[in-house]
Each structure stands twice: as C-alpha cells, then as structure tokens.
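Count residues from 1 along the sequence.
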Amino acid sequence: MTRNIELLETNFSLVYSNSIPSTYDGNGNIIYAPIQPLLMPIVFDKSIISIDVNTNIPSGSQWVYAGTLNRIIPIGTTNHKLNENKTLSVGGNIIIFEKLTINYQIEISVPKWFENLDISVYQYEGIDS
C-alpha cells in the first residue's frame with residue numbers, strides 16, 4: 001500500500017522545544033552529567049514527526065549519533081514503551097511511524113557523552129493518506 005505524504009516545511013508545526021545547558025563545577029569546568037531520558041509532555045495524534053537534536057560537538061570531532069526515540073502509550077495510570085528504538089542523528093530527523101488508532105507520547109534518550117542539548121519537535125500536519 002502506498003502512503004501519500006507531503007514532507008514540506010510548511011506542513012510541520014513546532015510542538016515542543018527545550019534546551020538543557022551544560023553543568024559546570026565551581027572552577028568553570030564542564031561536569032559530564034548524563035542527561036536523563038526526556039518524556040515529551042506532548043500527546044501526539046499524527047504518525048509523522050520531525051526532531052532537531054543538537055549539542056556542542058568538540059572541535060575536530062564529527063558526531064552523527066544523537067540517541068534513540070521510543071513511542072510511549074499511556075494506558076490508565078502507567079506508560080507502556082513500544083520499544084521501537086528509532087535511531088536519531090545530530091541535526092534534523094523525520095520519523096514516520098506506523099499509524100495507530102490511539103495517541104502517544106515520545107521519549108528521547110541521548111548519549112551519555114552529550115554535555116548539553118537543544119531539541120525541537122515538530123508534528124506533521126499535512127496530507128497522510
């Protein structure tokens with residue numbers, strides 16, 4: 001079955017943005033404190049999202065891997081992880097999930113070596129048939 005979508009910038013709307021700064025000690029040195037997994041406080045009703053993940057990359061380094069994403073289905077008072085483990089890259093990512101008949105949240109886990117994080121999440125609002 002063919003899925004018709006229009007991946008144009010105008011078909012995405014920003015639904016979440018966050019910036020987690022680096023942690024410093026009393027002498028101004030960066031402390032590498034792992035960033036805990038982020039459960040987005042947004043409930044998604046579309047199966048296509050775009051995520052921009054950025055961090056400070058040391059000079060001379062070339063990082064591509066930016067962690068993983070999982071869908072979370074809230075059922076009653078608990079959350080159930082679907083364990084899809086979508087790989088994220090530094091920069092822009094378009095994630096196309098299988099369509100579900102229920103809404104979901106997402107959880108993003110970034111690598112332990114990230115010292116800070118800038119993240120923006122967009123939901124697709126265009127044609128999906």
Side-chain angles (χ1 to χ4, degrees):
M1 177 189 302
T2 302
R3 191 167 174 183
N4 295 315
I5 55 179
E6 295 178 345
L7 297 179
L8 304 171
E9 186 176 340
T10 56
N11 285 338
F12 288 88
S13 60
L14 179 67
V15 293
Y16 178 81
S17 181
N18 195 3
S19 184
I20 299 173
S22 299
T23 304
Y24 294 91
D25 65 13
N27 298 321
N29 300 314
I30 293 175
I31 300 171
Y32 289 93
I35 297 171
Q36 297 301 310
L38 301 169
L39 178 61
M40 302 293 126
I42 305 299
V43 176
F44 295 89
D45 61 354
K46 307 286 191 214
S47 60
I48 301 172
I49 58 176
S50 174
I51 303 172
D52 292 334
V53 181
N54 291 293
T55 188
N56 288 345
I57 298 174
S59 179
S61 296
Q62 192 173 28
W63 292 357
V64 176
Y65 180 69
T68 58
L69 174 142
N70 273 298
R71 276 196 289 185
I72 306 290
I73 306 298
I75 299 175
T77 58
T78 60
N79 291 329
H80 296 276
K81 188 181 291 189
L82 294 182
N83 290 320
E84 293 167 310
N85 291 318
K86 301 283 187 181
T87 300
L88 299 174
S89 298
V90 172
N93 299 269
I94 293 181
I95 308 295
I96 302 175
F97 293 112
E98 288 183 38
K99 290 183 179 182
L100 292 177
T101 57
I102 59 175
N103 296 340
Y104 64 95
Q105 290 179 280
I106 59 172
E107 180 182 73
I108 295 175
S109 299
V110 298
K112 65 181 179 182
W113 57 84
F114 273 32
E115 64 183 49
N116 58 25
L117 178 66
D118 290 314
I119 189 165
S120 298
V121 181
Y122 303 83
Q123 181 169 261
Y124 178 74
E125 303 293 346
I127 296 169
D128 186 1
S129 59

[X]: partners by side-chain hydrogen bond (donor to acceptor under 3.5 Å, both in side chains), with sequence neighbours left out:
| X | value |
| --- | --- |
| Asn116 | Ser22, Thr55 |
| Tyr124 | none |
| Asn11 | none |
| Asn56 | none |

So does Ile127 have more than 12 non-hydrogen atoms from other groups sitting under 6.0 Å from CD1?
->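 No - once you tally the heavy atoms of other residues, nucleotides and ligands closer than 6.0 Å, there are 12 at most.
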In chain order, what residues pass the ring-ring contact (aromatic ring centres under 6.0 Å, His included) check against Phe114, with sequence neighbours excluded?
->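 Applying ring-ring contact (aromatic ring centres under 6.0 Å, His included) to Phe114 gives Trp63.
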For residues [X] and [Y]: do they belong to one hydrophobic cluster (side chain heavy atoms under 4.5 Å, members Ile, Leu, Val, Met, Phe, Trp, Tyr)?
| X | Y | answer |
| --- | --- | --- |
| Tyr122 | Ile94 | yes |
| Ile49 | Ile102 | yes |
| Val110 | Ile95 | yes |
| Ile48 | Val43 | no |

Tell me the salt bridge (charged side-chain N to carboxylate O under 4.0 Å, His left out) pairs involving [range], sequence neighbours left out?
| range | value |
| --- | --- |
| residues 43-64 | none |
| residues 115-128 | Arg3-Asp128, Lys99-Asp128 |
| residues 25-40 | none |

Show your working on side-chain contact (heavy atoms from CB on, under 4.5 Å) between Leu82 and Ile73 and close with a plain yes or no.
-> CA-CA 7 Å; Leu82 294 182; Ile73 306 298; 3.9 Å; yes
Going through the checks in order, is the side-chain contact (heavy atoms from CB on, under 4.5 Å) test met by Ser50 and Val121?
-> CA-CA 6 Å; Ser50 174; Val121 181; over 6 Å; no
Note, [X] side chain near [Y] side chain (heavy atom, < 4.5 Å):
| X | Y | result |
| --- | --- | --- |
| Leu38 | Ile20 | yes |
| Ile57 | Gln62 | no |
| Ile51 | Leu69 | yes |
| Ile106 | Asn70 | no |
| Val53 | Val90 | no |
| Ile119 | Ile108 | yes |
| Thr68 | Leu88 | no |
| Ser47 | Leu100 | no |

Shared-cluster residues of Ile30, by chain and number - hydrophobic side chains joined below 4.5 Å |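 Hydrophobic cluster check, Ile30: joined to Tyr24, Tyr32.
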Run through the side-chain heavy atoms of Ile, Leu, Val, Met, Phe, Trp and Tyr, join any pair under 4.5 Å, and report what else lands in Ile72's cluster.
->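 Traced through the cluster, Ile72 reaches Leu39.
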Does the pair Glu84 and Arg71 meet the rule for a side-chain contact (heavy atoms from CB on, under 4.5 Å), with working shown?
-> CA-CA 7 Å; Glu84 293 167 310; Arg71 276 196 289 185; 2.9 Å; yes
Under the 3.5 angstrom rule, does the side chain of Gln123 hit a backbone N or O of Ser13 as a donor-acceptor pair?
->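 Here the side-chain-to-backbone pair does not exist.
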Scan residues 86-98 for pairs that pass side chain to side chain donor-acceptor pair (under 3.5 Å), counting only residues two or more places apart or in two chains.
->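 Output for this query is empty, none listed.
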For residues 34-61, which residue pairs qualify under ring pair (Phe, Tyr, Trp, His ring centres under 6.0 Å), counting only residues two or more places apart or in two chains?
->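 Every ring pair (Phe, Tyr, Trp, His ring centres under 6.0 Å) pair that includes a residue of residues 34-61, provided the two are not neighbours, is Phe44-Tyr104.
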